[in-house]
Amino acid sequence: MEGLIYWETRVLGFYILCISLILQQTRAQEGFVSLQCCAQTNFTDPNTNISWTTDDQWYPDISSCQEISPPTKVRVFSSTFGNKWCYNLKTRKDENYLLRGIFKAGEQQRSPTGTRFDVLIDITSIAIVKSSEDAVVEGVFKANDNYMNLCLSKEMGDPYLLKLELRPLMSEYVKEKATVALKVMDRVDVGSTGAEIRYPDDPFDRIWRPEPGDENVTVSSMTNIVITNASKTSPPIQVLETALTHPEKLQFLHNKLDTGFYQYELYLYFLELNESVQPGQRLFKIYINNMEVEEIDIMALGSRYRMLVYNFEANGALNLTMIKAANGSLLGPICNAYEILQIRPWIQGTNQADKDVIFNVRGELLAHNPNNKVLVSWMGDPCLPLPWEGVFCESRDKSTAISKLDLSFQNLQGPLPQSITQLQKLRELNMSNNHFSQAIPVFPSSSVLTSVDLSNNNFIGHIPDSLASLPNLVTLLFGCNHQLSRDVPANFYRSGLDTDKGMCGGSGSLHMATGIVIGTVAGGLLLIVGVVGISFWIYKRKATAKKREFDVKGYPLTKNMIYSISSMDDIILQSISIQSFSLQDIETATQQYKTLIGEGGFGPVYRGTLSDGQEVAVKVRSATSTQGTREFDNELTLLSAIQHENLVPLLGYCNENDQQILVYPFMSNGSLQDRLYGEAAKRKTLDWPTRLSIALGAARGLTYLHTFSSRSVIHRDVKSSNILLDHTMCAKVADFGFSKYAPQEGDSAASLEVRGTAGYLDPEYYSTQNLSAKSDVFSFGVVLLEMISGREPLNIKRPRTEWSLVEWARPQIRNSRIEEIVDPNIKGWYHSEAMWRVVEVALSCTETYSAYRPSMVDIVRELEDALIIENNASEYMKSIDSFGGSNRFSIERPIAIPPTPVPTEPSPIPSQPVPPKPR
Ligand SMILES: *[C@@H]1O[C@H](CO)[C@@H](O)[C@H](O)[C@H]1NC(C)=O
Ligand SMILES: *[C@@H]1O[C@H](CO)[C@@H](O)[C@H](O)[C@H]1NC(C)=O
Ligand SMILES: *[C@@H]1O[C@H](CO)[C@@H](O)[C@H](O)[C@H]1NC(C)=O
Ligand SMILES: *[C@@H]1O[C@H](CO)[C@@H](O)[C@H](O)[C@H]1NC(C)=O
Ligand SMILES: *[C@@H]1O[C@H](CO)[C@@H](O)[C@H](O)[C@H]1NC(C)=O
Ligand SMILES: *[C@@H]1O[C@H](CO)[C@@H](O)[C@H](O)[C@H]1NC(C)=O
Ligand SMILES: *[C@@H]1O[C@H](CO)[C@@H](O)[C@H](O)[C@H]1NC(C)=O
């Protein structure tokens with residue numbers, strides 16, 4: 001509440017309390033869940049009598065407890081596996097609930113890069129918590145099952161939690177069957193000078209914030225009030241018995257609502273507190289964001305109490321004003337309480353049957369493998385917003401199901417759970433290279449499995465007939481199970497079945513064969529399946545208050561989206577908030593394409609200046625371009641939706657006369673490639689701390705892509721020439737022309753075409769054509785090696801053993817000879833611990849098998865650590881310097897603010913990629 005002007009509270013008469021049907025009789029915390037994270041014991045809060053319990057039932061590990069300001073502890077969630085942490089709480093289906101999370105960051109979460117995470121009710125995001133501010137996040141939702149999950153989904157750093165409260169609401173904030181979740185923005189006890197009001201006064205434990213007003217206000221306390229009709233949503237009497245009134249006008253301003261167009265619900269509560277007021281004596285108009293929504297007379301309906309609910313739409317601000325009616329009213333407006341709730345569309349999770357099955361599978365596997373980190377990280381929804389480690393999903397007809405399960409190389413023991421066979425949409429099952437024992441489960445004939453890999457285990461008995469005769473099965477591997485009979489049913493070796501016949505052979509080549517077969521099959525399926533995309537939710541614009549006071553171009557994107565809507569086109573139609581240029585504009589800006597600054601896969605790139613003075617790089621599609629309309633649409637779709645400080649933003653486009661043109665801001669510091677070993681490098685060496693911060697920036701940009709909209713976007717052409725540097729040397733990843741949404745089941749055909757640039761290409765992707773985010777990780781690893789060594793990824797002018805940067809560097813690193821590979825220009829100018837961190841990351845990124853590579857999220861974390869180490873060392877060395885010590889850090893400038901921009905350099909253009917032929 002930002003300001004409350006023109007008020008004055010009256011001392012009003014006393015009334016007789018007479019509550020009709022309502023629920024003010026205190027219910028005994030029925031259904032309350034009150035968790036105090038990391039508490040050592042259960043306890044009762046003497047102020048509220050609320051019983052708090054510890055959360056060790058969910059997280060028994062005390063090592064994740066961190067003291068923030070003693071003795072307060074928070075739970076801090078960190079793990080190399082998984083990206084979300086959940087509390088599974090019991091609910092009653094179809095009942096309304098209030099969920100409140102209290103988040104308090106410690107020093108560690110605040111510094112130096114900050115922490116950011118999403119708070120999800122099941123998979124519907126209700127808030128983003130940032131460590132820069134303590135947060136109370138409150139949501140209201142309707143349970144659609146007998147349990148719900150509160151999840152924290154990490155974006156940056158480790159999520160943390162202080163308290164969690166779940167309260168059943170008998171009131172019907174969410175009326176229809178789970179279509180929305182409401183985020184509580186504010187709940188105001190108008191005219192109160194006392195403390196906040198919550199349980200037990202409010203039986204639902206809503207917390208009412210007192211709004212006493214300023215020095216001009218005298219607030220009355222009323223104890224006896226008549227309410228003849230109240231609803232379940234009514235605030236408690238203690239809230240209603242204070243109000244603000246003014247002879248003319250009451251105004252409530254909120255300037256801190258979320259930006260972006262959201263719909264809101266505004267609950268207004270009025271109770272006439274002046275005994276002598278008659279109908280017709282207090283008439284006033286209500287304005288929401290300058291729109292008159294209603295003229296009301298509280299008493300007109302024969303009751304002193306009125307509740308009104310309005311829908312309105314706002315971008316950041318609410319102006320709620322009540323003005324005395326122009327004529328005919330004796331008294332000015334009154335207001336007792338109000339609530340502002342933001343409407344968020346409810347996002348449908350994975351289909352219930354699959355969810356139940358996979359939870360059983362998890363339970364059975366955990367029983368024999370209680371410490372398996374991957375299984376422990378399986379929490380909340382298996383597919384959304386990001387799938388669990390080893391789980392792959394597909395969305396079709398508004399339903400999301402599990403299509404692939406890969407738990408290979410997990411050291412798992414015990415039986416393979418029979419329940420796994422109940423996953424209706426499971427097409428690929430890879431349980432190879434574990435220690436599974438006992439018999440292979442029996443599969444129902446309805447199973448749509450196409451590929452099963454059970455090799456390298458300890459299974460006993462036979463391959464069940466049921467498995468061998470599955471109609472869609474194309475690949476079946478069961479070699480290296482020494483107690484498993486190789487006898488198979490007579491009809492087993494039918495044509496088209498790819499199998500190792502139970503033989504224990506070279507697994508590498510088998511893997512490759514499998515990949516291709518799967519790719520082909522999935523590719524065929526794609527034609528039948530049709531396009532599955534996601535789309536952005538644009539709110540229905542039914543607001544009572546329609547007029548907006550903001551001048552806004554297009555629709556800004558909201559964070560909300562529904563999954564599995566018809567097609568990718570929706571994204572183009574609905575999400576573009578970028579500028580559209582005419583060909584004339586482009587010609588003027590580039591002075592008839594005067595300054596050619598490069599040639600990329602898309603076509604030539606020209607430098608230009610827009611009419612407002614902004615310098616731009618204009619990419620024009622050439623007629624001979626190997627990329628085409630599809631790339632154009634790709635880039636347009638993606639770039640318009642994707643916004644991150646470490647990604648080159650698309651300013652606009654032009655699609656006129658068959659010309660396809662993209663307009664980007666001009667990046668004055670060129671590309672990382674230029675700076676490492678291009679012309680620019682000859683003039684000035686890029687120092688190590690700057691290289692590190694560029695690496696971190698680029699890694700963050702890629703992390704954003706990989707976790708974009710709950711559906712990963714793979715860049716497919718990560719390389720140093722695609723990492724551009726703006727005038728502050730902030731790294732921005734460029735060129736999404738090759739990007740595509742990460743393949744989901746049924747999309748695989750597009751991945752058949754191997755793309756990328758020689759020297760950066762993931763060998764696994766190259767050989768199997770199975771594209772994943774880990775391919776970008778490989779390429780990023782190559783970029784890290786370039787930064788470390790200052791060498792090109794591929795240079796056939798060097799001795800044969802040094803042609804490939806990766807092949808040359810890896811053995812040196814393995815033998816701890818990093819001095820051999822470090823760029824001579826930065827020798828002696830880095831902290832070796834920081835260097836080692838980066839070298840290790842680069843090594844793991846460039847692992848041949850993608851399973852061994854880290855995710856971008858992990859890489860960001862490592863690089864953050866490296867940068868901290870380097871910066872601390874730098875500070876330390878400087879302090880020593882002042883006493884005449886070493887001059888290792890002679891460059892006197894903060895690392896975060898890198899060198900003088902060189903505005904004359906052209907925006908770098910990626911070199912022509914070399915699409916290798918698939919084998
Ligand atoms: C808490 O419970 C005790 C015992 O039942 C009671 O005396 C006390 O008034 C309660 N406090 C509140 C704030 O309700
Ligand atoms: C705390 O309360 C919970 C729920 O009532 C109970 O399951 C748990 O055993 C209690 N813990 C202790 C230490 O009393
Ligand atoms: C209180 O009322 C006086 C007189 O109307 C006004 O000048 C003053 O600004 C008011 N104070 C606040 C904080 O609004
Ligand atoms: C109560 O209402 C009467 C009119 O019905 C008015 O004359 C009186 O001033 C009001 N009292 C207060 C405290 O506003
Ligand atoms: C709030 O709305 C009222 C009524 O439309 C208007 O008179 C007033 O100027 C607005 N105030 C602000 C700060 O926008
Ligand atoms: C109170 O009664 C009036 C008329 O009977 C009705 O319109 C209104 O919805 C009721 N409830 C509230 C909370 O105002
Ligand atoms: C208010 O006054 C205007 C003209 O002065 C008149 O047209 C209108 O009917 C009046 N409204 C009420 C509610 O008395």
Side-chain angles (χ1 to χ4, degrees), residues 1-15 28-45 50-60 62 87-90 164-166 191 217-222 241-257 266 270-295 297-300 304 310 312 314-326 328-336 544-551:
M1 159 94 220
E2 300 303 314
L4 174 57
I5 351 181
Y6 294 131
W7 61 48
E8 174 186 313
T9 317
R10 302 295 167 84
V11 180
L12 299 157
F14 289 83
Y15 293 89
Q29 301 182 34
E30 194 190 318
F32 279 29
V33 176
S34 313
L35 301 179
Q36 169 88 41
C37 298
C38 293
Q40 270 160 9
T41 53
N42 293 341
F43 63 97
T44 300
D45 179 341
I50 291 175
S51 313
W52 291 87
T53 55
T54 88
D55 66 338
D56 58 8
Q57 191 185 330
W58 288 267
Y59 296 94
I62 55 160
Y87 286 81
N88 188 292
L89 305 172
K90 282 200 188 104
L164 186 61
E165 301 162 48
L166 181 72
V217 180
T218 42
V219 176
S220 63
S221 143
M222 316 295 298
E241 66 192 9
T242 58
L244 292 174
T245 71
H246 186 273
E248 294 299 329
K249 180 170 161 186
L250 282 173
Q251 184 172 299
F252 303 90
L253 298 177
H254 290 254
N255 292 333
K256 285 187 182 158
L257 302 185
L266 178 64
F270 301 103
L271 181 66
E272 181 54 71
L273 295 178
N274 181 339
E275 192 182 15
S276 28
V277 169
Q278 297 302 310
Q281 289 188 323
R282 194 195 294 278
L283 290 172
F284 57 94
K285 289 181 174 170
I286 300 171
Y287 293 81
I288 296 175
N289 286 345
N290 296 307
M291 278 289 295
E292 181 184 334
V293 291
E294 191 153 345
E295 177 171 317
D297 176 1
I298 302 166
M299 307 277 291
R304 313 203 137 259
Y310 297 103
F312 71 98
N315 178 357
L318 167 66
N319 170 359
L320 169 63
T321 301
M322 295 161 209
I323 303 178
K324 185 165 96 164
S329 179
L330 178 67
L331 300 166
I334 184 170
C335 182
N336 306 61
T544 321
K546 275 223 170 63
K547 186 166 168 282
R548 271 167 256 117
E549 56 189 312
F550 302 95
D551 178 26

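Note that this is a predicted model, so its numbers are computed, not measured. Counting starts at 1 for both ligands and their atoms, in listed order. Atoms considered below: every heavy atom in the structure, side chains included; atoms not considered: hydrogens, waters and symmetry mates.
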>> Does any N or O of ligand 2 fall below 3.5 Å from an N or O anywhere on Asn42, backbone included?
In response: yes

> For ligand 4, which atoms sit closer than 4.0 Å to a heavy atom of Leu330?
Replying inline: 4 (C)

> atom 9 (O) of ligand 2: protein heavy atom closer than 4.0 Å?
Replying inline: no

> Is there side-chain contact between Leu253 and Leu318, with at least one heavy-atom pair below 4.5 Å?
Replying inline: no

>> Counting only nitrogen or oxygen atoms and a 3.5 angstrom limit, does Gln278 reach ligand 4?
In response: no

> To the nearest 0.1 Å, how far is atom 7 (O) of ligand 2 from its closest protein heavy atom, and which atom is that?
Replying inline: Gln57 OE1, 4.8 Å

>> Using modelled atom types and a 3.5 Å cut-off, is there a donor and acceptor pairing between side-chain atoms of Thr53 and backbone atoms of Ser34?
In response: yes

>> Within the 4.0 Å heavy-atom shell around Asn290, which atoms of ligand 5 are there?
In response: 1 (C), 2 (O), 3 (C), 4 (C), 5 (O), 6 (C), 10 (C)

> Is the shortest distance from atom 14 (O) of ligand 2 to a protein heavy atom below 4.0 Å?
Replying inline: yes

> Would you call the rings of Phe43 and Trp52 parallel, tilted or perpendicular, where under 30° means parallel and over 60° means perpendicular?
Replying inline: parallel

> Identify the closest protein heavy atom to atom 5 (O) of ligand 2: which residue and atom is it, and at what distance?
Replying inline: Thr53 CG2, 4.1 Å

> Is the closest side-chain heavy-atom distance between Ser329 and Gln281 below 4.5 Å?
Replying inline: no

>> Can you tell me which portion of Val277 lies within the under-4.0 Å heavy-atom range of ligand 4? Options are side chain, backbone, both, or neither.
In response: both

> When you look at CD of Glu294, are more than 12 heavy atoms from neighbouring residues, nucleotides or ligands closer to it than 6.0 Å?
Replying inline: yes

> Can you tell me how far CD of Gln36 sits from OG1 of Thr41, rounded to the nearest 0.5 angstrom?
Replying inline: 10.0 Å

>> Suppose I only count heavy atoms of Gln281 and a 4.0 Å limit; which atoms of ligand 4 are within that range?
In response: 4 (C), 5 (O)

>> Quick one, Leu164 with Leu89, criterion side-chain contact (heavy atoms from CB on, under 4.5 Å). Give me CA distance, side-chain angles, the key distance, then yes/no.
In response: CA-CA 11 Å; Leu164 186 61; Leu89 305 172; 4.2 Å; yes

